[in-house]
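All chains are named by letter (A, B, ...) in the order of the sequence lines, taking the proteins before the strands, and each is independently numbered beginning at 1. In this text, all values refer to a predicted model and were calculated from it rather than measured experimentally. Note: hydrogens, waters and symmetry copies are ignored here, and every other heavy atom, side chains too, is used.
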2 protein chains.
Amino acid sequence: MRAWYFAERPDGEPTMDSFDLRETERPTPQNGELLVRVHYLSVDPYMRGRMRAGESYAEPWAVGDVLQGGVVGEVVASEHDAYEAGEFVTGRGTWAEYSVLDGDDAMAVNPDVAGLPAYLGVLGMPGRTAYFGLLEVAEPRPGDTVVVSGAAGAVGSTVGQIASLNGCRVVGFAGTDEKTAWLTDDLGFDAAINYETTDDYRAALDDAAPDGVDVYFDNVGGPITDAVFTTLNVDARVAVCGQIAHYNDESVPTGPRKLPQLIAPRAKVEGLLVSDYATRFGVARDRLEAWVAAGTIDHRETVVEGLENAPDAFLGLFSGDNIGKQVVRVE
Amino acid sequence: MRAWYFAERPDGEPTMDSFDLRETERPTPQNGELLVRVHYLSVDPYMRGRMRAGESYAEPWAVGDVLQGGVVGEVVASEHDAYEAGEFVTGRGTWAEYSVLDGDDAMAVNPDVAGLPAYLGVLGMPGRTAYFGLLEVAEPRPGDTVVVSGAAGAVGSTVGQIASLNGCRVVGFAGTDEKTAWLTDDLGFDAAINYETTDDYRAALDDAAPDGVDVYFDNVGGPITDAVFTTLNVDARVAVCGQIAHYNDESVPTGPRKLPQLIAPRAKVEGLLVSDYATRFGVARDRLEAWVAAGTIDHRETVVEGLENAPDAFLGLFSGDNIGKQVVRVE
């Protein structure tokens with residue numbers, strides 16, 4: 001089978017030099033494991049952190065190892081009581097045609113709810129991140145104005161829709177007119193700002209969020225975040241989920257200091273990792289599946305065809321090529 | 001009587017040009033008010049914010065008005081049932097020899113507990129800020145390492161001692177050897193760092209806080225804060241009480257971005273204003289009075305003599321002239 005290996009750590013923006021596609025032996029599942037034919041592979045911004053040798057919130061990838069990532073596919077051999085060959089599952093696998101998954105960590109896929117790629121997006125890790133990050137870190141209240149950066153991504157698009165369900169006014173930042181149209185026309189965002197064609201983010205926010213910002217769900221960082229911090233309301237809550245604008249920085253990025261801006265609004269800023277909510281992943285999955293099945297929450301996946309194009313799909317995350325969840329079709 | 005008036009808004013570091021000492025009529029208390037002979041006047045860093053026309057967390061001072069501030073003194077005429085002439089009270093007054101106080105807002109002074117100046121420091125607004133900011137925003141737990149900037153100030157010195165009572169390891173940043181000696185020798189701080197004579201704050205923290213930082217109580221901002229943010233533990237809490245390093249900045253200060261540093265530790269950063277806890281000021285006062293009376297919490301005041309020197313006392317806050325609470329002796 002083919003699999004992608006981590007060839008070298010990137011310096012700044014990653015290139016193909018970090019990736020090496022090789023022929024290798026199909027792995028063999030041990031007790032409690034599943035061998036899965038990978039149908040779709042997930043590429044995610046957090047993986048940039050795994051490319052670093054030093055501190056990150058995810059374990060660093062070892063140079064020379066096969067790359068890891070979320071997958072969804074068909075069980076071809078099971079050494080776990082809960083699954084048998086022919087079933088479809090999702091879990092933590094590898095950038096490869098076949099992956100061995102920990103059966104306890106895997107989740108069953110319900111094909112009546114959505115297609116396989118959705119289980120890497122709204123029904124997978126990004127959806128759970130949106131669910132817990134918004135509801136438990138940002139704690140939105142009906143009537144709040146919620147601003148989301150990276151709003152057309154897998155996490156952001158789900159955050160905005162849950163915030164709408166929660167009775168909030170929702171404003172999204174995204175980087176193309178197609179994305180902003182999707183947010184407002186299909187997902188029910190109250191307003192969307194194209195950050196590529198807008199010069200003055202603060203002025204755009206004054207239009208889109210005239211009562212100020214009660215909740216900011218940040219996937220991006222940089223100048224969008226700088227603008228949002230100038231218009232935080234009293235008791236504002238900021239959930240720091242991602243900072244993709246800074247993932248390729250090789251030195252500590254600088255910008256406007258934010259701590260002085262927190263005192264007057266008594267604002268709270270909090271980092272989050274979805275893994276902290278692992279004991280309740282099932283709760284989020286059930287809720288999200290119900291919303292998706294009912295059409296209450298919409299979703300979209302951008303599919304790159306072929307395992308050989310997985311690095312391109314990953315690199316495209318940093319230029320915003322994806323609408324909704326970026327996945328790679330392997331089978 | 002003499003009183004200080006606000007002459008003009010400063011640009012950057014305030015100078016004497018902002019202050020005007022004038023002879024004026026002694027005010028007359030109305031129903032519910034007290035006329036107080038001011039014995040001590042409080043000067044506080046937050047007053048720099050009141051000098052600005054625009055947004056601040058305190059109401060801007062109007063040019064031409066008498067300056068406002070906390071005072072402690074003797075009631076010379078009372079129009080409030082709870083007080084009579086000859087009693088000592090503290091409350092919100094003016095930079096003047098006599099102030100009219102709102103009787104409902106005033107608090108009685110207990111001379112058996114501490115001298116009058118302490119009622120502007122550990123037993124006044126700074127002590128309440130320390131109490132609620134540490135215990136309710138930073139939420140220290142026994143075993144936590146707590147770092148305090150501006151540790152030899154009125155707020156910081158109280159924060160550190162309450163943190164010690166709470167079973168924490170306490171590390172303070174201060175700007176002279178006399179201050180750091182006071183923290184470690186008299187107040188029971190576990191370590192103190194002289195930021196004026198230390199080049200590498202992170203290395204100093206690695207020595208003083210070898211297990212990382214669980215709580216950071218920030219009164220200062222700037223490079224000290226930058227260093228602390230590089231060593232936050234998982235679940236760290238940062239209480240942003242003040243940012244005196246930036247109060248004289250006329251444009252938005254820049255520095256290392258901190259949001260990317262919050263994700264891995266899932267750290268929480270929160271601004272605070274003591275006025276939010278007004279309904280429970282009595283709880284804090286009772287607790288702090290008991291600790292001070294028992295000698296459990298130590299305190300110190302730096303006294304500038306004479307109302308005419310009040311602006312100097314205020315300006316000295318920005319160069320760290322004070323140890324403990326800076327007050328002005330008026331009578």
Look up atom [atom1] in [X] and atom [atom2] in [Y], then write down how far apart they are to the nearest 0.5 Å.
X	Y	atom1	atom2	value
A/Gln243	B/Arg257	CD	CZ	8.0 Å
B/Leu272	A/Arg266	CG	CZ	9.5 Å
B/Leu259	A/Phe229	CG	CZ	4.5 Å
B/Ile263	A/Glu270	CD1	CD	12.0 Å

>> Heavy-atom pairs under 4.5 Å with chain B - which of A/Val234, A/Asp218, A/Asp276 has more of them than the others?
In response: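 The option with the most such pairs is A/Asp276.
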> Are any of the side-chain heavy atoms of B/Lys258 and A/Lys258 separated by less than 4.5 Å?
Replying inline: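 No. Closest side-chain heavy atoms not under 4.5 Å.
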Portion of [X] that has a non-hydrogen atom of chain B nearer than 4.5 angstrom:
X	value
A/Val240	both
A/Ser251	neither
A/Asp226	side chain

When you look at [atom1] of [X], are more than 12 heavy atoms from neighbouring residues, nucleotides or ligands closer to it than 6.0 Å?
X	atom1	value
A/Arg9	CZ	yes
A/Asp199	CG	no
A/Arg287	CZ	no

>> Restricting to non-hydrogen atoms, name the atom on B/Val252 and the atom on A/Pro256 that form the minimum distance, rounded to 0.1 Å.
In response: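 It is CG1-CB, 3.7 Å.
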